[in-house]
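Beneath this line is the structure, given in structure tokens, with notes to follow.
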Amino acid sequence: MTSTTERSVPKMDFTNAEAGSRTFPDSTARNYNYFVPAKRKQSHYEDVTVEVQPDPRHYLAQGWLYGFADGRGGYPLEWTALKAWGQDRPVPERYPGSGGKGYDWPAHGWHEFRDPNEEWELTFFRYNSNVERQVNANIDTARETKAFEQWNPNWVAFVEQHVGAWMHVEQGLGLYVFANANRRAPTNMHNNAIAVNSMHRIRFAQDLALYNLTLSEEIEGFDGSAHVKTWNEDPAWQGVRRVSEQLTGIDDWAEAMFATNIVFEPLIGELFRSQLVQQAAPGNGDFVTPTVVGAGEFDFATRDLRWTTAMFDLLTRDREFADHNKAQIAQWLSVWVPRCLSAARELQPLWSQPDLRPPRFEDGLDRVKNRFEGILAGLDIPTPKEISQ
Amino acid sequence: MSRQSVAKAHQKIQELAWEPLYHDPVSQYGTDYTFSKAQKKDPLKQVLRSYFPMQEEKDHRVYGAADGAIRGNMFRQVQERWLEWQKLFLSIIPLPEISAARAMPLLFRTVPNPELHNGQAIQMIDEVRHSTIQQNLKRLYMNNYVDPAGFNSSLRNFQNDYCGTIGRQFAEGFITGDAITAASIYLTIVAETAFTNTLFVAMPAEAAANGDYLLPTVFHSVQSDESRHISNGYATLLMALADEGNHALLERDLRYAWWNNHRVVDAAIGTFIEYGTKDRRKDRESYAEMWRRWIYDDYYRSYLVPLEKYGLVIPHDLIEESWNQIWNKGYVHEVAQFFCTGWLANYWRMDPMTDTDFEWFEYKYPGWYDKYGAWWENYARLSMPHGNKPIVFEDVDYQYPNRCWTCMVPCLVREDMVMAEIDGVTRTYCHEACRWTDVEAFRPTYMGRETPSMGRLTGNREWETLYHGWNWADVVSDMGYVRDDGKTLVAQPHLDLDPTKMWTLDHLRSCPPLLSPNVLLNEMSTDEKQAFHANYVRGGPAGRPAPAEAV
Ligand SMILES: [Fe+2]
Ligand SMILES: [Fe+2]
């Protein structure tokens, strides 16, 4: 015998509440209508990103509601010395009977920036999961095929110390330059791109750390803690460390982005990764490290540099402040180019450590200087004289 | 996945943390808290190698469900009453989410433990996930639900609407002021640990009961990240408690954060769940019942109280008072009634209540009908433009309330209204706790001690004041709450989409101008203000003006 007790469940109604079931004002108005898309049609990326972070110059009628102790709230434009057109117009004043309207979209040039990588959560997790899967598969295959046995002792030492040391650069900059800056830029488009960049670096740092762990398990005598000692004590690395720390000390968020992605990355990051590790590894029997390091290199060269140049390109060609911005950037270059070049030169002893030598340090440095000048030229910024030092 | 155990991998990545030898990182945020450095463990134990695929897998489920909902014509059975309120909710919530991402670096320098930073960076990207996945859900509603108005103008409206402004505290409070007050106590200890349960668990259940299973899919996915964030907050809280000197600040911040969250979240979510639903089964939980379970029992009794032994001073009185507001003083009912009174200043359609609704309210909240029934009958009667004006202009025994200067919800529980004069201007507050927040907590000194890092309450905090003296048709045009025929309002006090039954700017043109209660108050003499206050606190419930004084 069965007994049934009536379960309490919500009852479903046929409501006919689907698009197109009725015609009335706005019944076909199916676009976010509070911003002007960068191209003819608004993109999915724009829809999920634009105007989430408000601006009192647009619609924020009641202004920022909470401030720091000095009364400033939100995302002050003065948090960088660079300027975008229209920003010197005052925030519209609101007072009894003033109404709430601000300037027409976009009100000032900062809102014209779009991340060319169009990153939002779906693209972000898809991409980074794929990278992780690929990196893991490469390492697993190497382990199964005993690929690490090919490595000569000097190369083992090179990887444990120097490839290992690089993880600290990624971690430190990922957290204290990029994650830090995601609070500071004036629009949601900037800050999301910065947050994504931050995670690329932290992911790469972890990839290197976990690769290091695998190597300590697979290679007899591989010292899994040597990277810490190298980062703390090896004189060749102290220049890189010093300039990394200086980067974390920058107050101006755009300067931090510029100094890191436009100056430091080509002159030091690519010098180390592309001109040294990627060139030296195959000759020393290592086909695995380049795939791990290559994943990080690919992030920078294709994604992180791409959004960075897109952002600075708007600023150096700004219809109102191009000259102001270029002068400011020139001043930044005069600080960061010498710092990065001297740190790069301090790395030079690394070039003589592998048994089978990579191409000469000077040639590598010339190559990255050329690339650096090319990036600047693309931004309409003249080559700074400091580069010839 | 690699054979390396997660524990081993996690231990390895601890080697990544390093401290500067040559130059300190920039210090951009202040706190009046002090932390002494102690070895701490990363509370998250999350390695990106497993984190990314885990999140991707969660995405697969969310986007799979989204495709299924469209193919399965979910919108044929979605309740419009419910989805209309989502126009408000989904315009608010992406900003708090992204603000939580922005808040993380406030903790980098103020809490001197690099072990915690890894977890904070993961929370940052979790919050980017939440913000964009919610924008995407709203986009899907805009594309597939019968009435896109209000979704299509979502972020403009959120930013200039007073309901949006109330909600915006739940974002700006995370990112400004004292770094610990904001990013730790207000954000993680109170907003995430206490109130996300009602946002992301209770509300989705109600959505499902109204035919919408996408909102639960998205918000449960969001909520599954929340336990990590709660661990972040807990680790910081324990460190703060370790220093006696922080205890007074913790007490202050818990009081402010608790009360503000109660005022803001209970107003909004309470209204959605009680007045945005068609599910009137007697055995479904009311908001009060949910609150008692999720917030009172799970958060207050199980999470907060055990912290008392570490020296945390818990605002027992304010927690009991919040319950008193919800259960005895009808806080949620007062708010819903106010939202509907001011329907024309908003951007969604607000369905009248029916006899079925009345019966449910009376069952769940005995005495409801005597207080609110007549007003809701008037609301239904006045919902279409048949020679009458919108309800706010009609005589329905309702006194338009003054705004609370702190939480910006009006002073709806009339007997609790207090006033204070600040910089020569009289402000009104919905409750003593809101007066205290403005007058005592958000100040550069607190109980005789210097608090130079404490934030400030800023902005034009009374919406009505911006439009003082304006014709309502101009107000609504200025805010942009007009449909594409140039005259029909986005908001309507009913769900009928027949254009002949919808209110237009023309109907508003002949209405009296908008007058700011605060401007009027400040035009009064001191004696008049006192009399006004004495009268105001005798008003209510349900917004009734004070009865004439017996002679
Ligand atoms: Fe979140
Ligand atoms: Fe209040």
Side-chain angles (χ1 to χ4, degrees), chain A residues 8 10 12 15 17-19 21-22 24-26 29-30 33-34 47-48 51-52 54 59-69 71 73 94 96-97 99-101 120-121 125 128-129 132 136 168 171 175-176 179-180 183 192 195 199 202-203 205-206 209-210 213 242 245-246 248-249 251, chain B residues 2 12-13 16 18 20 22-23 25-26 48-49 52-53 55-56 75-78 80 94 98 102 105 117 121 125 128-129 132-133 135-136 139 142-144 146 148-149 152-153 155-156 159-160 165 172 176 209 279 281 283 455-456 458-460 465-466 468-469 478 483-485 488 497 499:
Chain A
S8 170
M12 282 299 130
T15 57
E18 57 188 329
S21 63
R22 276 155 280 172
F24 52 89
D26 254 19
R30 297 184 189 278
N33 61 19
Y34 43 83
D47 277 353
V48 298
E51 202 62 6
V52 170
Y59 314 117
L60 207 61
Q62 295 182 249
W64 296 111
L65 308 169
Y66 286 78
F68 290 103
R94 278 98 172 190
K101 260 198 182 145
W120 61 293
E121 71 107 17
F125 286 106
N128 283 281
S129 303
E132 292 297 71
N136 270 321
H168 300 292
Q171 173 82 359
L175 277 173
Y176 306 118
N180 188 61
R183 169 69 186 86
N192 278 5
M199 293 313 287
I202 296 171
R203 192 211 71 226
Q206 294 195 5
L210 297 179
L213 177 61
R242 187 177 287 110
E245 293 181 7
Q246 284 169 326
T248 69
D251 181 56
Chain B
S2 156
K12 181 71 183 178
I13 67 164
L16 285 166
W18 53 272
Y22 306 102
H23 300 278
V26 62
L48 295 181
R49 192 171 67 187
F52 286 133
Q55 299 298 71
E56 189 195 29
F75 291 89
R76 279 186 199 167
Q77 52 191 28
V78 162
E80 291 182 52
I98 208 63
R102 311 301 180 229
H117 298 169
I125 207 68
V128 173
R129 173 171 190 263
T132 54
I133 209 172
Q135 275 291 110
N136 189 59
R139 183 178 184 267
M142 173 175 72
N143 283 324
N144 295 283
V146 60
N152 54 17
S153 50
L155 290 180
R156 172 183 179 176
Q159 296 176 22
N160 65 12
T165 304
E172 292 187 39
T176 48
D279 181 15
R281 286 171 302 141
D283 58 354
R456 296 287 176 273
T458 59
N460 303 290
T465 296
L466 296 180
H468 183 67
D478 190 66
R483 292 170 186 257
D484 61 7
D485 62 348
T488 305
L497 286 166

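Chain A is the first sequence line, chain B the second, and so forth, proteins listed ahead of strands; every chain is numbered from 1. The analysis underlying the following values was restricted to heavy atoms, covering all of them including side chains, and did not include hydrogens, waters or symmetry mates. Since this is a predicted model, take the numbers as computed values, not measurements.
- Taking CZ of Phe125(A) as the reference point, atom CZ of Arg129(B) lies at 6.0 Å (rounded to 0.5 Å).
- Interface summary for chain A: among Met142(B), Gln77(B), Gln55(B), the most heavy-atom pairs under 4.5 angstrom belong to Met142(B).
- If you measure heavy-atom distances from Ser153(B) to chain A, the contacts under 4.5 Å come from both the backbone and the side chain.
- Proximity of a side-chain donor or acceptor of Gln206(A) to a complementary backbone N or O of Leu48(B) within less than 3.5 Å is detected.
- Interface remark: of the candidates Gln135(B), Glu80(B), Arg102(B), Arg102(B) forms the most heavy-atom pairs closer than 4.5 Å to chain A.
- Residue Ile98(B) touches chain A through its side chain alone, counting heavy-atom pairs closer than 4.5 Å.
- Both the backbone and the side chain of Arg139(B) come within contact range of chain A, judged by heavy atoms closer than 4.5 Å.
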Under the side-chain hydrogen bond (donor to acceptor under 3.5 Å, both in side chains) rule, what do Asn460(B) and Arg94(A) come out as? Steps first, then yes or no, please.
-> CA-CA 7 Å; Asn460(B) 303 290; Arg94(A) 278 98 172 190; over 6 Å; no
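- In this structure, Leu65(A) and Thr165(B) have side chains that are in contact, with non-hydrogen atoms separated by less than 4.5 Å.
- At a threshold of 4.5 Å between non-hydrogen side-chain atoms, the residues Trp18(B) and Glu245(A) count as touching.
- Contacts with chain B were tallied for Ala61(A), Gly100(A), Gly97(A); Gly97(A) has the most, counting heavy-atom pairs under 4.5 Å.
- Ranked by heavy-atom pairs under 4.5 Å with chain B, the first of Thr248(A), Asp26(A), Val48(A) is Asp26(A).
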Criterion side-chain contact (heavy atoms from CB on, under 4.5 Å) on Lys101(A) and Tyr59(A), from CA distance to verdict | CA-CA 6 Å; Lys101(A) 260 198 182 145; Tyr59(A) 314 117; over 6 Å; no
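- Contact count against chain A (heavy-atom pairs under 4.5 Å) is highest for Asn152(B) among Asp484(B), Val128(B), Thr132(B), Asn152(B).
- Between chain A and the options Ile125(B), Thr488(B), Val78(B), Asn160(B), heavy-atom pairs under 4.5 Å are most frequent for Ile125(B).
- Inspection of the Arg30(A) and Asn143(B) side chains reveals no N or O donor paired with an N or O acceptor under 3.5 Å.
- Side-chain atoms of Glu56(B) do not come within 3.5 Å of backbone N or O of Ser129(A) as any donor-acceptor pair.
- No other option in Val146(B), Asp485(B), Leu497(B) has as many heavy-atom pairs under 4.5 Å with chain A as Val146(B).
- In terms of heavy-atom pairs under 4.5 Å with chain B, the best-connected choice from Ala17(A), Ala205(A), Ala29(A), Pro96(A) is Ala17(A).
- Comparing Ile13(B), Asp283(B), Asp279(B), Asp478(B) by how many heavy-atom pairs each has under 4.5 Å with chain A, the most go to Asp478(B).
- With respect to chain B, the highest number of heavy-atom pairs below 4.5 Å among Ser21(A), Gly99(A), Pro54(A), Gly71(A) belongs to Gly99(A).
- Atom CZ of Arg203(A) is separated from atom CZ of Phe52(B) by 6.5 Å, given to the nearest 0.5 angstrom.
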